[in-house]
Structure formats: structure tokens, C-alpha cells
Amino acid sequence: IREEFGFRVTFWLMLALVVTNFGNVMAEFAGVASSLELFGVSRYIVVPVAAAAVWLLVVQGTYNSVEKIFLLASGFYVCYIVAGVLAHPDWQTAAVSMVTRPQTE
């Protein structure tokens, strides 16, 4: 990017990338905290433990082990699709709701 568009464009794009990634990381840890709070585990315990686990995995793990673990973890996202289909939603209402605002009274 820097070679094609210069330093200024590269700087702003990299800054946007850092902000976006930071937001994504916060959302992931919020998800971990929320999901385990359903089982009565405090977020003040879960988030530091999860952060330490990810840090250890990335710092101490080999590329192949990290790749396999993250690939396995990303496979769980398929469960969202399966759960959505198994819920037997009204597909017409779902499609219409994607492009219209909900009616308020």
C-alpha cells in the first residue's frame, strides 16, 4: 500500500485496521464473558484467563498448532448456521425484516 499510495494513505489505513481489530478483540472477549456468565462464572475471572490462554497459544505455540486450534475454533461458527436452520424460522418474515424497519406503535 505504501509503495502504491504513499505514507499518508498507509498510515490512515493501518490506523483503521488497528481500531477495527481492537473492536473485534473487545467483542470476542465480551462474548466469552457473556457466554460463561450464563453458567455463573464471573467475567472478572473469565476474561483474564481467556486472554492469558490466547496469549500463551500465540506466543508459545508453533504455527501449525495455532493454525489447527484456530481452524477448529472457527469451525464452531458453523453451529450458528445449523442452529438457525434447526430453529425453523419463518423465512419470509426473516427476509423482509432484513430490509425493512420494525413497526413501532
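Quick note: numbers below take in every heavy atom, side chains included, and nothing from hydrogens, waters or symmetry partners.
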> If Ile, Leu, Val, Met, Phe, Trp and Tyr residues are connected whenever their side-chain heavy atoms lie under 4.5 Å apart, and connections chain through other members, are Val32 and Val41 in the same group?
Replying inline: yes
> Shortest non-hydrogen contact from Glu28 to Tyr77?
Replying inline: OE2-OH, 3.5 Å
> Who are the side chain to side chain donor-acceptor pair (under 3.5 Å) partners of Glu67, not counting sequence neighbours?
Replying inline: none
> Between Lys68 and Leu71, does a side chain to side chain contact (heavy atoms under 4.5 Å, CB included) hold up when you go through it step by step?
Replying inline: CA-CA 5 Å; Lys68 288 176 185 173; Leu71 185 59; 5.7 Å; no
>> Quick check: closest heavy atoms across Thr93 and Asp90, and the distance to 0.1 Å?
In response: OG1-OD2, 2.5 Å
> Hey, does the side chain of Ser65 reach the backbone of Gly61 with a donor-acceptor pair shorter than 3.5 angstrom?
Replying inline: no
> Under 4.5 Å between side-chain heavy atoms, hopping through other hydrophobics if needed: is there a path connecting Ile69 to Val66?
Replying inline: yes
> In terms of hydrophobic clusters joined by side-chain contacts under 4.5 Å, are Leu17 and Phe5 together?
Replying inline: yes
>> Just verifying a value: how many Å separate Phe29 CZ and Asn24 CG, rounded to the nearest 0.5 Å?
In response: 10.5 Å
> So how far is it from Asn21 CG to Met14 CE, rounded to the nearest 0.5 Å?
Replying inline: 10.0 Å
> Between atom OG1 of Thr10 and atom CG of Leu15, what is the distance when rounded to the nearest 0.5 Å?
Replying inline: 12.5 Å
> What closest approach, in Å, do Gly84 and Pro89 show between heavy atoms, and which atom pair accounts for it?
Replying inline: O-CD, 3.3 Å
> Val59, Leu56: one ILVMFWY side-chain cluster at the under-4.5 Å cut-off?
Replying inline: yes
>> Taking the side chain as everything from C-beta on, heavy atoms only, tell me whether Leu57 gets closer than 4.5 Å to Phe70.
In response: yes
> In terms of hydrophobic clusters joined by side-chain contacts under 4.5 Å, are Val47 and Met26 together?
Replying inline: no
> Do Glu4 and Val9 have side chains that get closer than 4.5 Å, going by heavy atoms?
Replying inline: no
> So which heavy atom on Arg43 is nearest to which on Ala33, and how close?
Replying inline: CB-CB, 3.7 Å
>> With rounding to the nearest 0.5 angstrom, report the CG to CD1 distance, Leu86 to Ile81.
In response: 12.0 Å
